[in-house]
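All values below were derived from every heavy atom in this structure, side-chain atoms included, with hydrogens, water molecules and symmetry-related copies excluded.
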Amino acid sequence: MKKISLILTSILLMSALAACTSNSSTTEQPATTPTTENTGTGNPAATNPEATTPTEGATSTDPASTESASAQNAKIVANKKVVASMYQDVLNGHQADKIDMYLADDYKEHDPMIATGKEAFKTYIASFIKANPDYKVNVKGMIGQNDLVAVMNYPMANPDDPGQAAVDIFRVTDGKIVEHWNTVQSVTGASSMIQNLLPSASTTADVAATDKAVVASNAQFVSNFFNSFFVEHNTDAASGVVSESLVQHNVKMKDGIEPLVNNYLSQFRANPDSTATVVNMVAEGDMVLIQSQMKKNADDAGQSVVQIFRVENNEIAEMWMLSQDVPAKTVNENGMF
């Protein structure tokens with residue numbers, strides 16, 4: 001059954017690639033068995049990105065086959081503008097009355113603390129801002145692909161207290177936000193260390209000047225590693241794929257490939273039945289972001305985990321990770337995923 005699951009996983013990941021081509025505690029970090037619901041990629045073998053070729057038959061579903069790279073970029077820019085303006089007006093400008101400009105009527109919420117729907121969000125944010133008049137969100141960067149925009153940010157109750165690191169992922173359709181996921185992790189420590197928990201990226205609504213084929217290749221490269229290393233528990237897959245001088249932003253793990261391998265080798269042995277479902281995947285420039293639900297076993301509620309990989313010189317050169325426990329109950333019926 002496990003073998004069949006892995007085969008199905010690879011098929012789902014490879015199919016999703018065609019559509020997208022155009023700190024948590026490390027001691028509890030489970031292994032992964034990805035399937036994809038949104039933008040995802042992959043096949044079981046970790047390969048060099050330059051050796052990756054397009055998925056066979058991709059021309060029928062690949063956005064690049066029906067629109068130019070400039071058209072794809074224009075769509076991403078437009079989506080980023082919607083999200084950036086929502087942050088400026090609603091979250092940082094505290095203008096709850098402007099929510100109608102940004103959220104679709106059938107808005108779907110995955111934040112476990114907020115009910116689903118536009119009107120529910122409007123009620124929640126108005127009450128939240130009233131209770132937290134100094135609330136601001138420090139946006140560290142945005143990346144986008146197809147209809148998804150991921151925002152790396154630090155929600156702040158007041159200017160001196162970062163408190164949390166977060167990644168919010170929005171699906172945008174026809175100029176309105178239709179769906180939202182997030183992973184929020186409480187943080188402590190020196191300000192300089194906290195700021196390193198998330199990567200820097202452009203905070204404006206532009207698109208990295210990276211060829212779409214390279215972006216797709218990076219996405220497949222990371223997905224291949226993700227599948228080989230985590231799903232198959234093959235720690236040897238890091239060799240030649242992860243840089244020997246890997247820069248690690250998980251504060252409980254040292255830099256370099258060896259600490260990464262040793263950490264997960266120990267976890268795989270301790271949690272041989274751990275699984276994960278890849279919920280969202282966003283690639284832009286040299287970054288690939290994967291959000292997944294990770295579980296130690298079938299009875300575990302698990303965590304929402306966001307991992308961000310930076311690809312450089314055909315290797316994974318840098319890694320970031322946030323995680324949030326899945327609560328036993330959520331305010332909305334959608335759950336975190």
Is a side-chain donor-acceptor pair under 3.5 Å present for [Y] with [X]?
X	Y	answer
Asp89	Ser85	no
Asp111	Asn182	yes
Asn73	Lys212	yes
Asn334	Thr116	yes
Asp286	Asn218	no
Asn332	Glu109	no

Taking [X] for the side chain and [Y] for the main chain, is one N or O donor matched with an acceptor at less than 3.5 Å?
X	Y	result
Ser217	Ala213	no
Asn271	Ser274	no
Asn234	Asp236	yes
Asn132	Asp134	no
Thr123	Glu119	yes
Glu284	Ala208	yes
Asn153	Val151	yes

[atom1]/[X]: more than 12 non-hydrogen atoms of other groups inside 6.0 Å:
X	atom1	result
Asp97	CG	yes
Lys118	NZ	yes
Lys81	NZ	no
Met101	CE	yes

Carboxylate-amine/guanidinium contact Lys108 Glu333, below 4.0 Å
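So Lys108 does not pair with Glu333 through a salt bridge.
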In terms of side-chain geometry, is the basic nitrogen of Asp105 or Lys176 positioned less than 4.0 Å from the acidic oxygen of its partner?
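Salt bridge between Asp105 and Lys176, a charged N being under 4.0 Å from a carboxylate O: no.
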Report the residue from Gln291, Arg171, Glu179, Gln145 that forms a side chain to side chain donor-acceptor pair (under 3.5 Å) with Asn280.
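With Asn280 as partner, side chain to side chain donor-acceptor pair (under 3.5 Å) holds for just one option, Gln291.
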Fellow cluster residues of Ile76, listed by chain then number, with links counted only when side-chain atoms sit under 4.5 Å apart:
Val77, Val207
Using the rule that two of Ile, Leu, Val, Met, Phe, Trp, Tyr join whenever any of their side-chain heavy atoms come within less than 4.5 Å, decide whether [X] and [Y] are in one cluster.
X	Y	result
Val139	Tyr154	no
Val326	Leu322	yes
Leu103	Val178	no
Val331	Val184	no
Val187	Val306	yes

Which atom of [X] lies closest to which atom of [Y], heavy atoms considered:
X	Y	answer
Ser200	Lys140	OG-CE, 3.1 Å
Gly285	Val215	N-CG2, 3.9 Å
Leu289	Met152	CD1-SD, 4.5 Å
Tyr135	His94	O-NE2, 2.7 Å
Asn92	Lys136	O-NZ, 2.6 Å
Val82	Tyr102	O-CD2, 3.7 Å

Could you please spell out the steps behind the salt bridge (Lys or Arg N to Asp or Glu O under 4.0 Å) verdict for Lys122 and Asp100?
CA-CA 9 Å; Lys122 189 184 300 185; Asp100 288 328; 3.1 Å; yes
Where do Asn297 and Asp300 land on the side chain to side chain contact (heavy atoms under 4.5 Å, CB included) test, with the steps shown first?
CA-CA 5 Å; Asn297 53 59; Asp300 179 30; 3.7 Å; yes
ring-ring contact (aromatic ring centres under 6.0 Å, His included) partner of His110, the single match among Trp181, Phe170, Phe121:
Trp181
Test side chain to side chain contact (heavy atoms under 4.5 Å, CB included) on Val279 and Ile290 and set out the steps.
CA-CA 8 Å; Val279 181; Ile290 295 176; over 6 Å; no
Start with the C-alpha gap between Asn314 and Phe221, add the side-chain angles, then the distance that decides, and say whether side chain to side chain contact (heavy atoms under 4.5 Å, CB included) holds.
CA-CA 9 Å; Asn314 307 328; Phe221 180 54; 5.6 Å; no
Just say parallel, tilted or perpendicular for the rings of [X] and [Y], cut-offs at 30° and 60°.
X	Y	result
His249	Trp320	parallel
Tyr107	His180	parallel
Phe268	His233	parallel

Give the C-alpha distance, both sets of side-chain angles, the deciding distance and a yes or no for side chain to side chain contact (heavy atoms under 4.5 Å, CB included) between Met281 and Val288.
CA-CA 7 Å; Met281 186 169 185; Val288 180; 3.4 Å; yes
Roughly how far, to the nearest 0.5 Å, is [atom2] of [Y] from [atom1] of [X]?
X	Y	atom1	atom2	result
Ser292	Phe230	OG	CZ	9.0 Å
Thr173	Asn79	OG1	CG	8.0 Å
Phe226	Ile316	CZ	CD1	10.5 Å
Met321	Gln248	CE	CD	7.5 Å
Thr183	Ile169	OG1	CD1	6.5 Å
Leu260	Lys254	CG	NZ	14.5 Å

Check: Pro112 and Gln324 side chains under 4.5 Å, non-hydrogen atoms:
yes
Pairwise side-chain contact, Met253 with Tyr264, heavy-atom cut-off 4.5 Å (strictly under)
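Yes. Closest side-chain heavy atoms under 4.5 Å.
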Evaluate the salt bridge (Lys or Arg N to Asp or Glu O under 4.0 Å) criterion for residues Glu315 and Arg310: first the C-alpha distance (whole Å), next the side-chain angles of each, then the deciding distance (0.1 Å), finally the verdict.
CA-CA 8 Å; Glu315 292 181 318; Arg310 185 175 65 82; over 6 Å; no
